[in-house]
Amino acid sequence: MRETTSKAGKLGLRLLEDLTALAAGGSAIWLRVNSLQRTFVLDILEFILSNYVAVFRTLIPYEQVLQHQICSLLMTSIRTNSELEGEAGEPYFRRLVLRSVAHIIRLYSSSLITECEVFLSMLVKVIFLDLPLWHRILVLEILRGFCVEARTLRVLFQNFDMHPNNTNVVEGMIKALARVVSSVQVLETSEESLAAVAGMFSSKAKGIEWSLDNDASNAAVLVASEAHSITLAVEGLLGVVFTVATLTDEAVEVGELESPRCDNDPPAKCTGKTAALCVSMVDSLWLTILDALSLILSRSQGEAIVLEILKGYQAFTQACGVLRAVEPLNSFLASLCKFTINFPNEAEKRSALQSPGSKRSEPLVDQRDSVILTPKNVQALRTLFNIAHRLHNVLGPSWVLVLETLAALDRAIHSPHATTQEVSSAVPKLMRESSGQYSDFNILSSLNSQLFESSALMHLSAVKSLISALRQLSHQCVAATATAFGPSSSQKLGSISFSVERMISILVNNLHRVEPLWDEVVGHFLELAENSNQNLRNMGLDALDQSICAVLGSDQFQENTPSRPYDKSQEMETWLAELRSLECSVISPLRVLYFSTQNIDVRAGSLKILLHVLERHGEKLHYSWPDILEMLRSVADVSEKDLVTLGFQNLRVIMNDGLASIPADCLHVCVDVTGAYSAQKTELNISLTAIGLLWTATDFIAKGLVHGPVEEKETDVHSIPNQTDGENEEEQALVISDNVNDQTPLINMVDSDILLFSVFSLLQKLGADERPEVRNSAVRTLFQTLGSHGQKLSKSMWEDCLWNYVFPTLDRASHMAATSSKDEWHGKELGTRGGKAVHMLIHHSRNTAQKQWDETLVLVLGGVARILRSFFPFLRILNNFWSGWETLLLFVKNSILNGSKEVALAAINCLQTTVLSHSLKGNLPKPYLNSVLDAYEFVLQRSPNYSENAASKVKQEILHGLGELYVQAQRMFDDSMYTQLLAIIDLVVKQAIITTDHFESEFGNVPPVLRTVLEILPLLCPTEDISSMWLILLRELLLYLPRSESPLENEEDESEHSSDHIPDAHVKIKDDIPNDLFLQAPEIEKHIIFPELIQSLGRCMMTRRDNPDSALWRLAVAGFNRILVDDVSRLTLNGGPSSSISKPARTRIWKEVADVYEIFFVGYCGRALPSNSLSLVAQKDDELLEMTILNILGDNILKSPIDAPLDILQRLVSTLDRCASRTCSLPVETVELMPSHCSRFSLTCLQKLFTLSSYSKETNHWNLTRSEVSKISIMMLVTRCEYILNRFLTDENDLGERPLPAARLEEIIFVLQELARLIIHSDTASILPLHPHLKSGLAEEESQDKHPHLLVLFPSFCELVVSREARVRELVQVLLRLITRELALEKVSLAS
C-alpha cells in the first residue's frame, strides 16, 4: 500500500471523487461539470471498480475514496424503498448499483470487511422487501453469482462466517436462497411455477435461452418471474454445493484430506486450512441446503432439474464423505434414498381396495408389491450407486441407509408387478421384457451387483462396515419377521435374502482376504440357520453352503497343499499356520451348527453342507479332518434315520474318494468312524455298506505294505511235529518279507500294520453282531481282505491274524451256533385276519437264531478255506501252525458230527479246498494228508447210523472228497494210505447196506451214499508204485456183487434178499465198475483176479431166474461179453498169452468161462421165464442180448486162436448143441406152446454149429483151434441132425393127417437147407464115421466142394422120401443128388 501518488494518480483520484459526487446527485469539483446522468456515472464507476482492482488495493488514497465515498454512495443507493422515483427507480440504475456492490463484495471484501458485511446484509434483506419482482430477481442474480464462484464464496466464508467477530453472512445468504425456494409451497401458482422452473433448467441444459411468448398474459409473466427467482435460488444453492465439492477436491489434491479411494485409514481430525474451511462450511450450511434441495426435488418432475439437483446431492454427499461429516452424509443419503423407490404402504393399499369404483380383479393386483419406477427414481438410484462406488471406503455406518434402498430395489427387480413409468403395469411381463424401456431394470440390477462385486477394491475396514451394515439390515428384518404377516413379511424376507446374497457376493469377491471377514459373515448365517422360521433356516443353510464351498474353491486351497516340498523357512511356516487357521475356521461352523442345536432339520442341513464340501473340495482339506470325523462319529449314534443316512453319505465320499488326502494320523479315526456306522442299529443297509467301506480302507492301507511276495526256503522246525517218515528235503514256501516299503508317502509300514489290524478288529467285532446280515457281511469282508492282501502281510502279521482274528472268529461263530435258540421266529406283523395276527413269512432255513448262526459259521469256514487255499505253503511255516491245523481238524470233525448239514458240508469243503489246491502242486506234506484221512475216518466211524437225508449228504460229500483227494494226491499215497482209503469206503458201504436192508430196500430205493461210492470207485486206480493194491481194490469190489455161498444160512438169506432187490439204477453203475477197473489193471493182477471176476459176473447173470426184470443180469452179461472180447482180442493180437502168465492160470480162466456159458445158456437163455413188468421192447432187448452173447461165443471166441484146452472147447460146443436140441427134444404138444423167441434161440444155436463146422475158401484164419472146434462141431452136428430127421419122421407118422407144429417144420427145413450148403474141411471130414474105402476115395478127390457129412446121414434121407411135406421131399431130393455127386455116381451110365 502506498500513500503517495504520482501526478497522474492525483488526477485520477480527483476524477474518481468527482464521479462519486455526480453519482450521488452532487456536482463535480475537478471536472467542472454541473451534472451528468447518474446512470452513466454509475456505469463508469462499475467499470473502474471491476477493472482497476490493483489500484484500489495498492494506493491508500484510492482505497479511502472507495471505502468512504463510493461505499457510502452505494449504501445510500441500495437503501431504497418501493417508492423510488425518477432515474433511481429505473431497473437499469438498480442493476448498476447492485453490480457495483457485487464487484466490491467480490473483489474488495478482504479490505472492506464492514462495508461488505453491510452490503450482504442489505442484499439479503432486499429479497424479502416488498419490491418489484424484477428487483428481487436482480438481487438473486447477484447472490447466485457469489454462490457459484468458489473463490468468492471461500473468501466470504473465511472473512465472515469463520471470523468470530463477524456476522455469518454466507449462512444468511444461503438461508435467504432457501427461503426463496421454499416459497414455492405458498404460491397459488406453484405447479405452473415449478413447470416453468423445470423448463428453464431444460433450456439451460440444451444451451438455449428460455423466453416467454410475446403475447404472454400478465399472469404468465408473473409465473415466469416467480419461476425465475426460484431458479436463481436453486442455482445459488447448487453453486454452494459444487463450491464445497471443489474446495474438498482441492484439499485432497494438496494432501490435507485422504481420497475416499485410498486404502489408508483416515486421520481422526482435519488439520489443513482448506479442509477446515470445508468442514466449517458443511457444518453450517448442510441442513439449509438439504431442506431446500429435497423440497424442490420432491416437487419437480423435469429431467434436467432432477439431474442437476441429483448432481448436487452426489457432489455434496461425496464431499461429506471425504470430510468424514457423518451427520450431513447420512442426512443427504437418507433424503436421496427417499427419492429412489417406494413400495405402496398398507394405508394406500387399503384405500385402493376400499375404493367403490375399483374392479373385482384389481384387488388381486393391488395386494401385491406393485412398484412403478419413475425417471426420477431411476436417476436417484443411479446417483446412489455413484455415491456408493465413490465413497465405499468411507460410508461406514451409513451403509445401512444405502442397503435398505438397494434391498427395496432388489425386491422390485424380482417382483413380477414392478415396471418403469413409461410402461403400464397392465402390460404382460413378456412384453415388458421385450421393451427397450424395461432395460432400466437390467441396468439397475447390473449396478446393484457391480457395487458388491467391487468390494474387492474396498479397504478392508470398508468391507467390514458393509458386511456389518448388511447384517444389521438383516437383523432388523429378522426381528420384524416374527410379528409381520402377509406382504409385509414377504418384504422382510426379501430384504433378508438380499442381505444374505450380498454377503455371499462380498465373500466371493474377497476370497484373497476372506479370513478377517469370515466370522462376521458366517456368524450371521449361523444365526439364520438356527432361527425358528423355516424359510430363514433354509436361507442360512444355503448361504453357509455356498460360502464354505466358495472359500475352499479359492486359489488359497490348492490340492494336497501341505504335501508341497517342506520348506523350513519362517515364511513357509507362517503360510502353513495361516492356511491351517483359515481351513479350520471355514469348516468349524458346520461342527458348531451341528452340536449347538437339537433341531433335526438344522442338523441335517449341516450334514448336507458337509457332503457338498467333501464332494467338491474334499481333496483340498488337510487340517480340519479331526473336526469332520468327530462330527460324523457323533452322527452314527443318533436315532434319527435321516441324520444317520446323511452322515454316512459323507463318510462314503471320504472312504471312496478322500482317503488319499486324509493325513496319516487321522486314518485310524476314519476307520473307527466307519466301524461306528457299521455297528449302528438305525439302518441296516448303512451297516452293510459301511462294512464294504472297511474293505475299501484295507485296499488303501495295503498300499503301504510290501508290494509282491518273496520266496525263501522253509527252515522252521516247528512247522510239522513228529515227522517220522524221513522227509528231509527242503520245501519251497511263499514267504512275505518283513522289510518296510517306503514308497507310500502318507503312511509308513508301522502305521499300515496298526491300521490294518484296527480294521480286522472291527470286522471281528461285527462278526458277532446280533443282525445276521451285518455279521455275515463282516465275515465275508474279513476273509476277502485277508485273501486279497495276504501276500503283503509279514510273518508276524499273519500270526497275529490267525490267532487274534481268524480262529477267534471261528470259535465265536461255532459257540453261538451251538448255544443259540432253536425257537422258531415269527416275521413282522402285517395285520390281523379273523382276530389273529398275520406275520410275514420267513424261509424255513432262516427262521431260528441257530440257523442264522449256522449260516454265519458256513461263511467263516469258507473264509478259512480261502485263506488256506491261497497261503497254505506260507502259513505252514508259521510258529505253532500245526496246532492251529489240529484245532481246525477238531472243529471240522465236531461240525460234521454235531452241526447242521450246511455247516458240515462247509467244514468238509474247508479241508478239501486246502488239500486239493496244494496236493497237486506238491505243497502238501504227508502228515497233513494223513490227518485229513484220519479225520474222515473218525467221522465215519462215529456216525454208523446216519439215515436222514442231511447226514447222507454229508457222507456223500466226504466220499466225493476222498475221490478227489486221491485223484489229486495219488502220487503221495503209499500202501498203508491206500488201504486206509479203501477201508473208509468199505466202512461207508457196510453202513449203507445195513441202513438199506433195514429201511430202503423195501421200496426199491438206492441209498445216495452207495451211489456216491460207486461214482468214486473208478477214480481209485492204484498207481504204478502201489500196483499190488489192484487185487485189494478189485476183490473189494467183487465183495459187493451177489455171492452164492455163505457160512451161515441167515447171511445167505440176507445176501439173496439184498441181491433180489438191487435196483436197476444202482446196478448199472455197479456192474460196470469192476469191468472198467479190470480192463485198466496190469496184466499179472488182471489174470489173478480174472477167474474171480468171471465167477462174480456169472452169479450176477444167474439172477435172471429169480429176477428177470432186473438190470443186474443184463449188465453182467454185457460185462462178461466185454472182458471176454477184450481177452480174445489181446490173444489174437499178441499171438497167444503173455509169457508171464502160467498155463494153469489160463486154464482156470477158461474153466470158469465154460461154467458160466454152460449154466447161463442152458438154464437161462431161450427159456420162457416169468415176468410181470417187461414190455415188448424190453423183451426184444433181452432177446437181442441173448443173441449177442451167443454170437460172441460162436463167432468171436470159438473161431479165434484161443488157448483153451480141448475139453473146454468140447464143453463150449456141447453147450451150443444142448441149446440147439430144445425144439427137437420137446414133445409135439409142448412145442406148440413154446414162445417164438425160444425156438429162434434154439435154431440160432443150431446155426452156430453149422457155422463152426463149415469151411470156405474165404476163410483166412484157419488155425489149429479152429480145426479142433470144427472137428468137435461136425460130430455133434451130424448126431443132432440125425436125431432131428428121425424125430421128424416119427412125429409125422404119429400125427397122421394132422400138421406138424410150425417150429418143428421150420427146424427140419432149416436143417435140410444148411446140410446142402455145408462144406467141411478135409481135416474135419477125416473124423466122420465112414467106411475106410469111402474115406480113402474121398481123400483122393482134389475138389474142395465136398459134402462127406451127407454120406453119414444117407439112411435118414432115404426114410424122408416118403414124407407128406412136399418141401421136405424137395430138399431131400437135392441132398440125394449131392450124395450122388459126392460118390461120383453121376459120371456112370448104362451105356458105358
Side-chain angles (χ1 to χ4, degrees), residues 560 563 614-615 618-619 621 625 629 632 648-679 685-710 734 736-767 774 776-794 797-798 800-802 804-806 809 859 862-864 866-867 869-871 874:
N560 300 321
S563 63
L614 293 174
E615 288 176 340
E619 71 282 355
L621 300 178
W625 284 112
L629 295 174
L632 295 179
F648 182 67
Q649 288 177 0
N650 283 276
L651 179 64
R652 188 159 56 180
V653 172
I654 295 172
M655 298 298 290
N656 288 334
D657 306 320
L659 281 178
S661 59
I662 295 179
D665 55 352
C666 292
L667 286 175
H668 72 282
V669 183
C670 198
V671 170
D672 291 341
V673 173
T674 308
Y677 279 94
S678 302
N685 288 333
I686 288 179
S687 295
L688 298 178
T689 312
I691 292 172
L693 294 182
L694 288 175
W695 191 355
T696 303
T698 59
D699 291 343
F700 174 77
I701 296 167
K703 295 177 183 178
L705 298 174
V706 176
H707 296 275
V710 178
L734 184 65
I736 310 302
S737 173
D738 288 318
N739 295 332
V740 177
N741 189 322
D742 56 0
Q743 296 178 358
T744 304
L746 289 180
I747 50 178
N748 56 37
M749 184 65 173
V750 177
D751 292 338
S752 297
D753 292 357
I754 296 173
L755 287 172
L756 209 55
F757 284 140
S758 66
V759 176
F760 291 159
S761 178
L762 285 173
L763 292 173
Q764 183 192 25
K765 292 177 182 177
L766 292 169
V774 173
N776 291 347
S777 178
V779 167
R780 288 192 194 95
T781 305
L782 174 61
F783 288 103
Q784 284 170 342
T785 52
L786 280 172
S788 300
H789 305 297
Q791 72 275 11
K792 297 182 180 180
L793 300 184
S794 64
M797 290 180 70
W798 261 116
D800 288 341
C801 288
L802 289 180
N804 296 333
Y805 303 113
V806 175
T809 301
L859 292 175
V864 173
R866 174 177 179 176
I867 293 174
R869 181 180 67 243
S870 302
F871 307 108
F874 170 64

* What do the steps show when you test Ile691 against Leu762 for side chain to side chain contact (heavy atoms under 4.5 Å, CB included), and what is the final call? -> CA-CA 9 Å; Ile691 292 172; Leu762 285 173; over 6 Å; no
* To do: Heavy atoms only: give me the nearest Gly618-Trp625 pair and the separation to one decimal.
  => O-CZ2, 3.6 Å
* To do: Could you tell me whether the side chain of Phe757 reaches within less than 4.5 Å of the side chain of Asn804, counting heavy atoms only?
  => no
* **Non-hydrogen atoms of Ile701 and Ser752 that approach each other most closely** => CG2-O, 3.4 Å
* **side chain to side chain contact (heavy atoms under 4.5 Å, CB included) partners of Thr785, counting only residues at least two apart** => Trp695, Thr698, Phe760, Leu763, Thr781
* To do: Could you tell me which non-hydrogen atom of Leu629 sits nearest to which non-hydrogen atom of Cys670, and how far apart they are?
  => CD1-N, 3.9 Å
* Parallel under 30°, tilted from 30 to 60°, perpendicular over 60°: which one fits the rings of Trp798 and Phe871? -> tilted
* Asked: Under the side chain to side chain contact (heavy atoms under 4.5 Å, CB included) criterion, do Leu694 and Leu766 qualify, and how do the steps go?
  -> CA-CA 11 Å; Leu694 288 175; Leu766 292 169; 4.1 Å; yes
Tell me which donor-acceptor pairs under 3.5 Å the side chains of residues 648-659 have, and how far apart each pair is, sequence neighbours excluded?
{"unit_1": "Asn650", "atom_1": "OD1", "unit_2": "Leu611", "atom_2": "N", "d": "2.7"}
{"unit_1": "Asn650", "atom_1": "ND2", "unit_2": "Leu607", "atom_2": "O", "d": "3.1"}
{"unit_1": "Asn650", "atom_1": "ND2", "unit_2": "Leu646", "atom_2": "O", "d": "2.8"}
{"unit_1": "Asn656", "atom_1": "ND2", "unit_2": "Arg652", "atom_2": "O", "d": "3.2"}

* Asked: Just by modelled atom types, is the Thr674 backbone N or O under 3.5 Å from a matching donor or acceptor in the Ser678 side chain?
  -> yes
* Are Gln764 and Val806 side-chain neighbours, meaning at least one heavy-atom pair lies under 4.5 Å? -> no
* Structure fact -> Interatomic distance, OG1@Thr809 vs CG@Leu859, rounded to 0.5 Å, equals 12.0 Å
* With sequence neighbours excluded, residues passing side-chain hydrogen bond (donor to acceptor under 3.5 Å, both in side chains) with Ser687 -> Gln680, Arg771
* Where do Tyr677 and Leu632 land on the side chain to side chain contact (heavy atoms under 4.5 Å, CB included) test, with the steps shown first? -> CA-CA 9 Å; Tyr677 279 94; Leu632 295 179; 4.0 Å; yes
* To do: Mark yes or no for whether Ser761, through its side chain, and Ser758, through its backbone, hold a donor-acceptor pair below 3.5 Å.
  => no
* To do: Kindly indicate, with the supporting measurements, whether the criterion side chain to side chain contact (heavy atoms under 4.5 Å, CB included) is fulfilled by Met797 and Leu756.
  => CA-CA 10 Å; Met797 290 180 70; Leu756 209 55; 3.9 Å; yes
* Structure fact -> Heavy-atom closest pair (Leu688 atom, Ser777 atom, distance to 0.1 Å) is CD2-CB, 3.8 Å
